[in-house]
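Below you'll find the structure, written out as structure tokens, and then a few comments.
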Amino acid sequence: MERICASGIESAYGRKKVLRQVTVSASAGQCVGIVGANGCGKSTLLGILAGMRKASGGTVFFDGTPARGRQGAALFRRFTGYVPQEGNLIPELSVMDNLCLWHTDKEQLIFELEQGFLHLLGLKEMCPVKVKKLSGGMKKRVSIGCAMAGNPPILLLDEPSAALDLPGRTEVKRYLETYKNAGGAILLATHEESELDVCDKVYALVDGKSREIDRKLRGEALVSEFKKGQNGI
């Protein structure tokens, strides 16, 4: 069964429609890439999937259950971990303090640092260090660690490798593969072709509409997919 399915999603900023009947999905153990030109609605879509923004149309389903009404917010919290492009950390606080803001169960936090997913991210050694002293790759790992509070089965990432050097990108990619292999579902919005290597399925957003494309497309062949459907082409 699909862990997450967004069906017929619509969204607008004022009179400008950004998303028009967008449908994307991801199953357990699957990484799904979302690509498109700047301003195509990738970040808006991830915000809706995370429950941070309300869609003007369509429905998000978790394990087949629609996220509506009073139970909707609880479903978003239970199922999704969200890492926005701009980050979610407080630079003046230590890594441990940032983690504590998200992980309310302190015993579980210690366990995760010792032998769970936070250990896999290599965060234990960083705990005393202030976030502002970390490299870009380290900050991204901490952001993922915060988003994984409660062990959500779905991870949503907006441009996870943005502004990262090659070692940082390698670190993030390694963790995403580990998370996917453990049965997690990932949806990531990206401009980086290298991130598509870990994807099992790729959607292109063009003129507010989604279309599944060949996940192996790269270079000009990939860019050409962004142009299909633009202004009626």
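Atom set for the values below is all heavy atoms of this structure, side chains included, hydrogens, waters and symmetry mates excluded.
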Could you tell me whether [X] atom [atom1] has more than 12 heavy atoms of other residues or ligands within 6.0 Å of it?
X    : atom1 : value
K201 : NZ    : yes
K54  : NZ    : no
K209 : NZ    : no
Q71  : CD    : no

Side chains of [X] and [Y]: closer than 4.5 Å at any heavy-atom pair?
X    : Y    : answer
S11  : I48  : yes
L176 : L155 : yes
V32  : V24  : no
F61  : P66  : yes
V83  : P160 : no
M148 : Y175 : yes

Exercise. Take L89 and L134, measure what side-chain contact (heavy atoms from CB on, under 4.5 Å) needs, and give me the verdict at the end.
Key: CA-CA 11 Å; L89 306 176; L134 299 178; 5.8 Å; no
Exercise. Examine V198 and I34 and state if one hydrophobic cluster contains both, with Ile, Leu, Val, Met, Phe, Trp and Tyr joined whenever side-chain heavy atoms are less than 4.5 Å apart.
Key: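 Different hydrophobic clusters.
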Self-check item: ILVMFWY cluster, L101 and L123 together (side-chain gap under 4.5 Å)
Solution: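 In one cluster with L101: L123, no.
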Quiz item: Could you state the interatomic distance from CD1 (I90) to CG (N98), rounded to the nearest 0.5 Å?
Solution: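 I90 CD1 to N98 CG: 5.5 Å, rounded to 0.5 Å.
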Quiz item: Could K173 and E195 be called an ion pair, given the rule that one side-chain N must be under 4.0 Å from one carboxylate O?
Solution: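 Result for this pair is no, no salt bridge flagged.
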Practice problem: Could you go through the side-chain contact (heavy atoms from CB on, under 4.5 Å) check for L196 and R218 one step at a time? | Solution: CA-CA 9 Å; L196 298 180; R218 299 291 186 273; 3.5 Å; yes
Exercise. Test the R53-Y13 pair against the cation-pi criterion, namely NZ or CZ under 6.0 angstrom from the six-membered ring centroid and within 45° of the ring axis.
Key: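 Yes, R53 sits over the ring of Y13.
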Practice problem: Ignoring hydrogens and angles, tell me if any N or O in the side chain of Y179 forms a donor-acceptor pair with the backbone of P153 under 3.5 Å. | Solution: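 Yes; at least one donor-acceptor contact below 3.5 Å.
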Quiz item: Side chain of H103, backbone of G145: donor and acceptor closer than 3.5 Å?
Solution: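 Side chain of H103 to backbone of G145, a donor-acceptor pair under 3.5 Å: yes, one is there.
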Exercise. Describe, in one word, how the ring planes of F76 and F62 are oriented to each other, choosing from parallel (under 30°), tilted (30 to 60°) and perpendicular (over 60°).
Key: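 If you compare the ring of F76 with that of F62, the planes turn out perpendicular.
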Quiz item: Minimum heavy-atom separation for P152 to T80, with atom names?
Solution: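 Minimum heavy-atom separation between P152 and T80: CB-C, 3.6 Å.
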